[in-house]
2 protein chains.
Amino acid sequence: MLTTLTALAEPTRLRIVELLQFGPRYVGEIERLLVLTQPQVSKHLRVLRDAGLVESTADAQRRLYELRREPFVEMGEWLEGYRRSWEGHLDALAAHLEQSGDDP
Amino acid sequence: MLTTLTALAEPTRLRIVELLQFGPRYVGEIERLLVLTQPQVSKHLRVLRDAGLVESTADAQRRLYELRREPFVEMGEWLEGYRRSWEGHLDALAAHLEQSGDDP
DNA sequence: ATCGAATATACGATAGTGCGTATATACGAT
DNA sequence: ATCGTATATACGCACTATCGTATATTCGAT
């Protein structure tokens, strides 16, 4: 989760991710649409790929980048924990932590 | 969204947030449970508060911190956009961006 | 009023991160 | 083989963020 959050917590990378939400893009397209330098795009895509947020397929010398579903699914599941806690449906672990941390 | 992500994209802060998931805590509790220095906790809580992720209520000289729901709800809504895009239910904006960005 | 406990802030040092420029690499076209 | 296009990487610099230590502030207790 921290890996995903760290990758997304950068303005330019978040913009790239939001663009890719609407479909795969080549590096050159991203560069042009978001008005970025080419190395900037490549560098950020590298970080996003290392974080597992995007994957690329080669098309001659061009690379098509697209989002991977997994990290977003994971984020959804992670958020579930918070939703549950507010709905008062604390599971066993939560209940345990709830009392074990109280001041003696 | 960027504000929320930036606040969460720090190991110690994420740990604090995950702890607060199970209920409000005083600064001293967080310090003790997560084995952090006191200024470290205060500083991170300040960042989390500025980002709107937590709020505090005063109890004498102690401050009880708890999570705010809004940013997490927002994250859920933000994720919805990605879920929709994968399910092929592109809305008008998405469809527009889908074609307007193609190479001529 | 004074003291101790709880929390917040200031400040200097350090490390990590992103940017720009230059360069390397891969591939299709000729 | 050579050239142009597309993408990736290297390197130096600047900025930001985090940490540790010290100090300020607030409040209850005495």
Side-chain angles (χ1 to χ4, degrees), chain A residues 1-20 23-68 101-104, chain B residues 1-20 23-68 101-104:
Chain A
M1 183 48 42
L2 184 61
T3 306
T4 301
L5 292 170
T6 303
L8 292 173
E10 204 281 328
T12 302
R13 275 198 298 272
L14 185 57
R15 288 209 299 149
I16 292 175
V17 167
E18 306 229 279
L19 173 64
L20 292 180
R25 295 288 182 188
Y26 290 105
V27 176
E29 289 183 298
I30 300 173
E31 173 187 352
R32 194 160 33 76
L33 289 169
L34 302 185
V35 192
L36 300 168
T37 68
Q38 183 269 312
Q40 216 180 345
V41 177
S42 285
K43 185 77 177 301
H44 283 303
L45 285 172
R46 180 76 149 94
V47 176
L48 289 173
R49 189 207 309 227
D50 287 349
L53 280 164
V54 304
E55 62 187 3
S56 70
T57 59
D59 170 20
Q61 67 273 61
R62 298 192 298 177
R63 306 292 163 82
L64 189 65
Y65 279 86
E66 64 185 321
L67 294 182
R68 289 183 66 249
D102 286 352
D103 268 345
Chain B
M1 182 50 41
L2 184 61
T3 306
T4 301
L5 292 169
T6 303
L8 292 173
E10 204 281 329
T12 303
R13 275 198 299 271
L14 185 57
R15 288 208 300 148
I16 293 176
V17 167
E18 306 229 280
L19 172 64
L20 292 181
R25 295 288 183 189
Y26 290 105
V27 177
E29 289 183 296
I30 300 173
E31 174 187 352
R32 195 159 33 76
L33 289 168
L34 302 185
V35 192
L36 301 167
T37 67
Q38 183 269 312
Q40 217 179 343
V41 177
S42 284
K43 185 76 177 302
H44 284 304
L45 285 172
R46 181 75 148 93
V47 175
L48 289 172
R49 188 206 313 226
D50 288 348
L53 280 163
V54 304
E55 63 188 2
S56 70
T57 59
D59 170 20
Q61 66 271 63
R62 299 192 298 177
R63 306 292 162 84
L64 189 64
Y65 280 85
E66 64 185 320
L67 294 181
R68 289 183 65 249
D102 286 353
D103 268 346

- Query: Which letters describe nucleotides 23-30 of chain D, given B = protein heavy atom under 4.0 Å from base, S = only from sugar-phosphate, - = neither?
  - Reply: ---BBS--
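Between the CD atom of A/E55 and the OH atom of A/Y65 there is a distance of 11.0 Å, given to the nearest 0.5 Å. Atom CE in B/M1 sits 10.5 Å away from atom OG1 in B/T6 (nearest 0.5 Å). Note that the CD atom of B/E18 and the CG atom of B/L67 stand 10.0 Å from one another [nearest 0.5 Å].
Between B/Y65 and C/dA6 there is no side-chain polar atom (N or O) within less than 4.0 angstrom of OP1 or OP2. An OP1 or OP2 oxygen of C/dT17 is reached within less than 4.0 angstrom by no side-chain nitrogen or oxygen of A/H44. Contact annotation: B/R46 side-chain N/O to C/dT9 OP1/OP2 distance is under 4.0 Å.
Partners of B/R46 by side-chain contact (heavy atoms from CB on, under 4.5 Å), not counting sequence neighbours, listed by chain and number: B/D50. In this structure, the side-chain contact (heavy atoms from CB on, under 4.5 Å) partners of B/L64, at least two apart in sequence or on a different chain, are B/P24, B/Y26, B/T57. Remark: A/R15 pairs with no residue by the salt bridge (charged side-chain N to carboxylate O under 4.0 Å, His left out) rule, at least two apart or across chains. For the side-chain hydrogen bond (donor to acceptor under 3.5 Å, both in side chains) test, residues two or more places apart in sequence or in another chain that qualify with A/S56 are A/R49.
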- Could you give me the CA-CA distance, side-chain angles and deciding distance for A/L45 and A/I30, then say whether side chain to side chain contact (heavy atoms under 4.5 Å, CB included) is met? CA-CA 10 Å; A/L45 285 172; A/I30 300 173; 4.2 Å; yes
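Regarding A/D59, its CG atom lies at a distance of 13 Å from the P atom of D/dA8, rounded to whole Å. Note: CG (B/L2) to P (C/dG18) measures 12 Å, nearest angstrom. For A/Y26 and C/dA26, the OH to P distance is 20 Å, given to the nearest whole Å. Atom NZ of A/K43 and atom P of D/dT9 are 10 Å apart (whole Å). Rounded to a whole Å, the CZ atom of B/R32 is 10 Å from the P atom of C/dA6. With rounding to whole Å, B/L45 atom CG is found 13 Å from C/dA6 atom C1'. In this structure, the CD1 atom of B/I16 is 13 Å from the P atom of C/dT7, given to the nearest Å.
Checked against C/dA8, D/dC19, D/dT9, the side chain of B/Q40 finds its nearest nucleotide in D/dC19. For A/R62, the side-chain atoms get nearest to D/dA6 when compared with the rest of D/dA6, D/dT9, C/dT7. In the set D/dA8, C/dA8, C/dG20, the nucleotide with an atom closest to the side chain of A/S42 is D/dA8.
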Under 3.5 Å donor-acceptor pairs involving side-chain atoms of residues 35-42 of chain A, not counting sequence neighbours:
from  : atom 1 : to    : atom 2 : distance (Å)
A/T37 : OG1    : A/Q40 : N      : 3.3
A/T37 : OG1    : A/Q40 : OE1    : 3.4
A/Q38 : NE2    : A/S42 : OG     : 3.0
A/Q40 : OE1    : A/T37 : N      : 3.3

Please list, one pair per line, the donor and acceptor atoms closer than 3.5 Å that link side chains of residues 7-14 of chain B to other protein atoms, with sequence neighbours excluded.
from  : atom 1 : to    : atom 2 : distance (Å)
B/E10 : OE1    : B/T12 : N      : 3.0
B/E10 : OE1    : B/R13 : N      : 3.0
B/R13 : NE     : B/A7  : O      : 2.7
B/R13 : NH1    : B/H44 : ND1    : 3.2

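Between the side chain of A/R68 and the backbone N or O of A/G52 there is at least one donor-acceptor pair closer than 3.5 Å.
Less than 4.0 Å separates DNA chain D from at least one heavy atom of each of the following residues of residues 6-15 of chain B: B/E10, B/T12, B/R13. A heavy atom closer than 4.0 Å to some atom of DNA chain C occurs in no member of residues 49-58 of chain A.
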- For DNA chain C, just give me the dot-bracket, please: Watson-Crick or G-U, both distances below 3.5 Å, ( ) intra-strand, [ ] crossing earlier pairs, | paired with another strand, . unpaired. ||||||||||||||||||||||||||||||
